[in-house]
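See below for the structure under consideration.
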Amino acid sequence: MQPPDPLEEWESPPFEPTVRGGLVYARGAADNKGNHFAALKAAEHWFRAGRPPVNLRYLIEGEEEISGVSLPRYIRANAERLATDYVLVWDGGFASDGVPSLTSALRGIVYTEIHATGAGTDLHSGGFGGAAPNPLNTLARILGELKDRDGHITVPGFYDGVIPPTEEEKAGWPRGPEYEATVKKIMQSDVFEGEAEYELAERLGARPTLDVNGFLGGFTEEGSKTVIARQAMAKVSMRLVPGQDPARIFDTFAEYVSELSTPGVKVEVRDLGSAPPVVCGIDHPAARAAADAFEKAFNKRAQPRRMGGSIPVAIDFQEALGAPMVISGLGQPGSGAHSPHECFSLDHFHRGIEMLVHFMDGLRTG
Ligand SMILES: [Zn+2]
């Protein structure tokens, strides 16, 4: 789970689940307690009726958002005990209103922190401005140069090897004015930025990204203080797509950022964690069972989708267990994961339990 801040933007306290308009508002409601709880209720249903049609093993962890290492370590150390026919990674949601989705690939991530240091002390901007290195100016310049005005990332070789989505993957993608309007409504912005030559769903799930997530330094209190701060820091993350290697991207990024610095400003790039992109495919019995189950519970067939987010542990499941993987979930569009408006649809919750009950049954026959 993510921290609940900014607290003042919550309409009801983040840890007191509150129902408004058929939605449960709470931190973690959509990401990922709603999914977890529906999965437990589905098993409960089967146990009440006798026993589940297939053997079930649940792994629930709480470190995903901090790139925790316990679960990956556990999976790799216990691969033999965990041997299974299929893995369901139950984290995610619907791509558009009423349309369930099955993830065909996940983006990976590289998360970095850039520290820029200038003079040995904070300096008076009247006495030293014009000669003192200013790490805030420099860091802003570096960040500004990481992307051009058309949204292309300028890190050398950044796009090398990117595997584009197939026509089959793209066929079911949401597109058109209605979809774009939904995304704009969720963003509460009338404008998209980024690579205009790619359709929206591709930009949101199958193109790599680079975003500044935070910028810290200098005087930020009310009023003015004429100071040249000695240091500045920024957090920058990149979402990677199949074909991109996190270690290579980090090295190139760190070198490029250092090259972009200005005289007198020392730049250090730290690696805060990474996860490789994952291709899981949608052409295996478990994926078909999931699509059938969604159809039964939601009256709509699940559509393949490239997921924009990262689920680092997916690669551990894939490499250690080698079993086909289904990645999906119940969150409705606009569930506001990570935001102070996080909420989970009760309708999706109830139908989701039904879907999972069918899914377990489908695995027996599938
Ligand atoms: Zn999350």
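Note that ligands are numbered from 1 as they come in the structure, with each ligand's atoms numbered from 1 the same way. FYI, the numbering just counts along the sequence from 1. A quick note: this is a predicted structure, and the numbers were derived from the prediction, not measured.
One of the N, O or S atoms belonging to D31 lies under 2.8 Å away from the Zn ion (ligand 1). Not one N/O/S atom of D91, from backbone or side chain, sits under 2.8 Å from the Zn ion (ligand 1).
One finds no salt bridge joining R248 and D251 here, because no Lys/Arg side-chain nitrogen approaches an Asp/Glu carboxylate oxygen to under 4.0 Å.
Within 6.0 Å of the CG atom in D150, the count of heavy atoms belonging to other residues, nucleotides or ligands exceeds 12.
With hydrophobic clusters built from ILVMFWY side chains whose heavy atoms lie under 4.5 angstrom apart, M307 does not share a cluster with F294.
No other N/O/S atom of E65 lies as close to the Zn ion (ligand 1) as OE2 does.
When each of R175, R207, E180 is tested with E199 by the rule side chain to side chain contact (heavy atoms under 4.5 Å, CB included), just one qualifies, namely R175.
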